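This structure is a prediction, so every number in the text was calculated from the model and none was measured. No hydrogens, no waters, no symmetry mates; every other heavy atom, side chains included, goes into these values. When a ligand or atom number is given, it counts from 1 through the structure's own listing order.
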Amino acid sequence: MAKKALLTIEGRDPIELPILSGSTGPDVIDVSKLTAQGYFTYDPGFVSTASCDSAITYIDGDAGTLLHRGYPIEQLAENSDFLEMCYLLLYGELPTADEKAQFDYTISHHTMVHEQIRVFFNGFRRDAHPMAIMIGVVGALSAFYHDSLDIADERHRNVSAMRLIAKMPTLAAMCYKYSLGQPFMYPRNDLNYAENFLYMMFGVPCETYEVNPIIARAMDRIFMLHADHEQNASTSTVRLAGSTGANPFACIASGIAALWGPSHGGANEAVLNMLDEIGDVSRVSEFVKRAKDKDDPFRLMGFGHRVYKNYDPRARVMKQTCDEVLDQLGVNNDPQLQLAMELEKIALEDPYFVEKKLYPNVDFYSGIILKAIGIPVSMFTVMFATGRTPGWIAHWNEMISGSYKIGRPRQLYTGENQRDFKPMKDR
Ligand code: CMC
């Protein structure tokens with residue numbers, strides 16, 4: 001028998017609310033018909049609200065589990081690569097060898113951007129934050145690919161998905177090259193996704209660039225570990241924008257904007273800025289003390305998570321990659337990296353962090369790896385955006401291909417009641 005919840009409100013008959021069960025995870029109380037009874041639910045920050053149903057990613061925050069289409073992130077990180085993960089997120093199954101080869105081919109043949117996109121960069125200052133540029137140029141793609149903007153057409157949606165996944169690294173590398181005043185590097189189809197990105201970032205036309213396989217593998221892992229995280233702030237933003245019927249390039253630009261904040265994707269950059277501010281191992285305890293002080297707004301960046309109250313499973317894989325990369329590149333003597341390790345050690349043992357279950361999250365270690373492999377700090381959140389693009393598109397596509405309503409939350413109004421306009425002379 002279908003389960004129901006009874007909502008009792010003083011002076012009224014109880015209101016029956018259906019209870020829905022997913023394939024796993026907690027049941028949810030369906031409040032969608034409550035408005036017809038004259039009530040809204042109130043849930044700032046959506047801490048208790050499921051905004052949609054989705055078959056893409058499952059997180060159990062208490063157990064520290066993250067599954068993409070049922071596969072644990074640890075197994076994917078160990079055995080798969082970023083493009084295979086993109087395929088899995090988009091189409092629901094792991095590809096066969098032929099499907100994977102076809103997918104890789106298609107992505108690598110969409111990596112170039114329209115030549116006129118290059119002109120957009122000239123409108124930005126050389127010191128512009130690359131996330132500001134990304135929001136602009138990804139949104140601008142809407143004006144270049146009119147042949148894939150019909151969101152009701154599955155083929156159009158698919159072509160847009162390929163274009164976005166393929167062009168993100170090209171645009172990301174262009175941001176960096178523009179900041180340096182170096183020539184943009186055209187993509188190379190003989191390289192894999194991560195290698196091609198590194199080539200466009202660090203190569204120059206006047207000499208040969210050899211991709212370091214350790215760095216390429218670490219980069220691919222960073223993309224993989226960021227690929228999706230169910231209804232996080234930026235993905236919810238993409239869904240909300242998409243629910244209006246906006247085109248996919250505009251929706252992904254809105255996701256990039258939401259990701260930029262330091263509470264979300266901006267945290268990896270904030271971690272390195274915080275390490276700069278701390279400056280020396282001798283000052284770690286002073287900053288840990290500040291993080292615990294209720295009257296001080298300072299927080300330890302890269303610690304804590306809305307959903308994971310045990311351990312972020314991505315952080316576990318990222319830490320392993322971090323150790324490998326630091327070891328193999330022989331940079332574990334870097335003072336800033338040593339400072340990060342000391343901070344991790346102190347916070348993991350401190351009762352405040354232990355009791356509140358504030359563990360290092362994915363951004364703590366990704367920031368350290370990105371620094372070690374030479375990605376400039378201002379580009380860190382762009383790396384997150386590149387990795388998260390398949391997740392954003394998979395969610396957008398899942399929504400558009402099913403039945404959905406425009407996202408339109410309500411509010412608890414706390415302003416003035418109706419009053420009459422006062423002429424200026426009487427105010
Ligand atoms: N340093 C010090 N105290 C913290 C921290 C921190 N990093 N994070 C949370 N707390 C405390 C907070 O003060 C609160 O204490 P109390 O209960 O005494 O008021 C308690 O822990 C719960 O915090 P909250 O802000 O209610 O938790 P939330 O779920 O709303 O926030 C968070 C989650 C990630 C925004 C927060 O932990 C944070 O600001 N962390 C630092 C930023 C960061 O690393 N963000 C990246 C998240 S992972 C990547 C991603 O998915 O985007």
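Aromatic rings from Y359 and Y308 are positioned such that their centres are separated by 6.0 Å or more. Aromatic ring centres of H229 and H264: separated by at least 6.0 Å.
Set against the non-hydrogen atoms of D363, the atoms of ligand 1 under 4.0 Å away are 46 (C), 48 (S), 49 (C).
For the residue pair R306 and N232, no side-chain donor N or O sits within less than 3.5 Å of a side-chain acceptor on the partner. Under the 3.5 Å distance criterion, with hydrogens and angles disregarded, a donor-acceptor pair is assigned to the side chains of T57 and H68. Residues R239 and S51 bring no donor and acceptor atom of their side chains to less than 3.5 Å of each other. S32 and D30 share a side-chain donor-acceptor pair at under 3.5 Å. Using modelled atom types, one finds a donor on one side chain and an acceptor on the other under 3.5 Å when comparing Y365 with E344. Using modelled atom types, one finds no donor on one side chain facing an acceptor on the other under 3.5 Å when comparing S179 with D127. If you check the side chains of N196 and R188, you find no donor sitting under 3.5 Å from an acceptor. Between the side chains of H129 and E269, a donor-acceptor pair is found at a separation under 3.5 Å.
Closest protein heavy atom to atom 45 (N) of ligand 1: S263 O, 3.2 Å. The nearest protein atom to atom 19 (O) of ligand 1, hydrogens excluded, is given as K294 NZ, 3.3 Å; this is a heavy-atom distance. In terms of protein heavy-atom proximity, atom 43 (C) of ligand 1 is nearest to A267 CB, 3.6 Å. At the top of the distance list for atom 47 (C) of ligand 1, counting protein heavy atoms only, stands N361 ND2, 3.7 Å. Closest protein heavy atom to atom 28 (P) of ligand 1: R306 NE, 3.7 Å. With respect to atom 52 (O) of ligand 1, the closest heavy atom belonging to the protein is H264 ND1, 2.5 Å. Among protein heavy atoms, the minimum distance from atom 32 (C) of ligand 1 is reached at R299 NH1, 4.4 Å. Remark: minimum distance from atom 48 (S) of ligand 1 to any protein heavy atom is reached at H305 CD2, 3.3 Å.
Figure legend: cation-pi geometry between R126 and Y178, with NZ or CZ positioned under 6.0 Å from the six-membered ring centre and within 45° of its axis.
Distance check on atom 26 (O) of ligand 1: every protein heavy atom falls at or beyond the 4.0 Å cut-off. Remark: atom 22 (C) of ligand 1 lies closer than 4.0 Å to no protein heavy atom.
At a 4.0 Å cut-off, at least one heavy atom of K309 sits close enough to ligand 1 to count as contact. The shell of residues lying under 4.0 angstrom from ligand 1, judged by heavy atoms, includes Y352.
The option with the heavy atom closest to atom 9 (C) of ligand 1, from among L358, D296, D293, is L358. Comparing K356, H229, R388 against atom 18 (O) of ligand 1, the shortest heavy-atom distance belongs to K356. With distances taken over non-hydrogen atoms, the option nearest atom 6 (C) of ligand 1 out of L300, L259, V288 is L300.
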For this session: Evaluate side chain to side chain donor-acceptor pair (under 3.5 Å) for W392 paired with S234, printing each intermediate quantity in order.
Result: CA-CA 8 Å; W392 287 332; S234 56; 3.0 Å; yes
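Using a 4.0 Å cut-off between heavy atoms, K292 makes no contact with ligand 1 at all.
Ligand 1 has a nitrogen or oxygen under 3.5 angstrom from a nitrogen or oxygen of G302. Polar contact check, F303 against ligand 1: a nitrogen or oxygen pair lies under 3.5 Å apart.
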